[in-house]
Visitor: 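Attaching a single structure in structure tokens format; questions to follow.
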2 protein chains.
Amino acid sequence: MKKKLSVNHSEICKTRITAIKDTMEILSGKWKFHILGTLLETDRMRFMDLLREVEGIGSKMLSKELQDMEINHLVTRTVQQTKPITVVYEVTEYGKTLGPIIDEIAKWGISYRSSLHSPRDRETA
Amino acid sequence: MKKKLSVNHSEICKTRITAIKDTMEILSGKWKFHILGTLLETDRMRFMDLLREVEGIGSKMLSKELQDMEINHLVTRTVQQTKPITVVYEVTEYGKTLGPIIDEIAKWGISYRSSLHSPRDRETA
DNA sequence: TGCATTGGTTTCCTTTTGGAAACTACTTTC
DNA sequence: GAAAGTAGTTTCCAAAAGGAAACCAATGCA
């Protein structure tokens, strides 16, 4: 038993681990979940609205993150020929498939907050 | 209508957005999902096994990420008085509540891979 | 005429992140 | 007595991420 058969279960999980890496790469950065969470609730928003709504973000970051997500087909960018030109962003149907992830993350975060008040939950279960 | 009532739905989502930020802060960094994904499948692993299993990670990062997660009660560290001292890490019951998130992320990543082969799915739905 | 708003881009800078390699210390094995 | 395995820590460095502020072009409003 010199050489470790480092993994027995490995073959099964490789796919899973790769999948996790893929997803997290697409959703990387400080703001994507935040932007998506916001956009998923309103369905369509203009750039300046997002800038105001996603608190703390600057225009550079917002612009960059939206571009990333557009490239990955998660959101669409539509220019509207209004008086001062406006641009609306919306989550694609494909982007909406991220809904369950965001939901789980939000759910966990909420119960995390609760557990801060009654830390016993975190200790024992 | 001079002043934008920037948000109407805001109050409801604030909690949600905060929850998303909380969760993502705890799971920040390049490796936590990866480590957790690995650890959730095996239940207990030694440091060197993780180092081998989580491909690409170095000992510095592994050590730091494990410490972060220990602080947040997601994993436990147990020293075992074996011949050369060994240390086992395992996901706590509390850490296991992250399971659904990891599952959704893995699920999405897997179907993302598929959609790369038939990109039509990503375009139309 | 001048200021505000729209949707960005660009520049400059700081902070954070992360990796490679060396080193520690202890034990077992060759 | 040298090598190798245990579990890390430390140092040094490069790259990436992110923020603040300035800038731009077009248009509307007063």
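Labels below follow one simple rule: chain letters A, B, ... track the order of the sequence lines, proteins then strands, and each chain is numbered from 1. The basis for the numbers below is simple: all heavy atoms, side chains too, and nothing from hydrogens, waters or symmetry mates.
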Visitor: Whole angstrom is fine here: how far is it from CD1 in A/I57 over to P in C/dG7?
Guide: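 My rounded result for the distance is 15 Å.
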Visitor: Any non-hydrogen side-chain atom of B/T86 less than 4.5 Å from a side-chain atom of B/F47?
Guide: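 B/T86 does not reach B/F47 side chain to side chain.
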Visitor: With respect to the phosphate group of C/dT6, does any side-chain polar atom (N or O) of A/T86 fall under 4.0 Å of OP1 or OP2?
Guide: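 Result: no.
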Visitor: Without swapping roles, check the side chain of B/K32 against the backbone of B/S28 for a donor-acceptor pair under 3.5 Å.
Guide: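 Such a contact is found between B/K32 side chain and B/S28 backbone.
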Visitor: Does the B/T97 side chain pair with the main chain of B/E93, one donor and one acceptor, at a distance under 3.5 Å?
Guide: no
Visitor: I want to verify a distance call: between D/dG18, C/dG19, C/dT6, whose nearest atom is closest to the A/K60 side chain?
Guide: D/dG18
Visitor: Can you tell me if B/K107 uses its side chain to pair, donor with acceptor, with the backbone of B/D103 under 3.5 Å?
Guide: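 No.
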Visitor: For B/M61 and D/dC13, what is the distance between atoms CE and P respectively, to the nearest whole Å?
Guide: 17 Å
Visitor: Can you tell which of C/dT6, D/dT6, D/dT9 lies closest to the side chain of B/R46?
Guide: D/dT6
Visitor: Quickly work out the B/L66 CG to D/dA7 C1' distance and round it to whole Å.
Guide: 11 Å
Visitor: Starting at CD of A/E70 and ending at P of C/dG7, how long is that distance when rounded to a whole Å?
Guide: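 Spelled out: CD on A/E70 to P on C/dG7 is 14 Å.
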Visitor: How close or far is atom C1' of C/dT5 from atom CZ of A/F47, stated in whole angstroms?
Guide: 13 Å
Visitor: Would you indicate what B/G29 reaches in the nucleic acid, counting non-hydrogen atoms under 4.0 angstrom: base, sugar-phosphate, or nothing?
Guide: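 Answer is sugar-phosphate: B/G29 comes under 4.0 Å of backbone atoms only.
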Visitor: Any donor-acceptor pair under 3.5 Å joining the side chain of B/S59 to the base of D/dT9?
Guide: yes
Visitor: Quick one: which of C/dT9, C/dG7, D/dT9 gets closest to the side chain of A/S63?
Guide: C/dT9
Visitor: Please report the distance, rounded to the nearest Å, between CG in A/L27 and P in D/dA17.
Guide: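 So the CG-P distance, A/L27 to D/dA17, works out to 14 Å.
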Visitor: Using a heavy-atom cut-off of under 4.0 Å over every strand shown, decide if A/Q80 touches base, sugar-phosphate, or nothing.
Guide: nothing
Visitor: Does C/dG7 have OP1 or OP2 under 4.0 Å away from a side-chain N or O of A/R52?
Guide: no
Visitor: Which is more 5' along DNA chain D, the nucleotide nearest A/G58 or the one nearest A/I85? Just name the residue.
Guide: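 Nearest-nucleotide comparison on DNA chain D picks A/G58.
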Visitor: Report the nucleotide, chosen from D/dG18, D/dA7, C/dT6, that has the shortest atom-to-atom distance to any side-chain atom of B/V87.
Guide: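 Minimum distance to the B/V87 side chain belongs to D/dA7.
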Visitor: Between C/dT16 atom P and A/K30 atom NZ, what is the distance in whole Å?
Guide: 10 Å
Visitor: Report the nucleotide, chosen from D/dA7, C/dT9, D/dG19, that has the shortest atom-to-atom distance to any side-chain atom of B/M48.
Guide: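 When the side chain of B/M48 is considered, D/dA7 is the closest of D/dA7, C/dT9, D/dG19.
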Visitor: If only atom types and distance count, is the side chain of A/T23 paired as donor or acceptor with the main-chain N or O of B/I105 below 3.5 Å?
Guide: yes
Visitor: Give the nucleotide from the list D/dG18, D/dT6, C/dG18 with an atom nearest to the side chain of B/K64.
Guide: C/dG18
Visitor: Could you give the CE-to-P distance, from B/M24 to D/dG18, as a whole number of Å?
Guide: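 About 12 Å, once rounded to whole Å.
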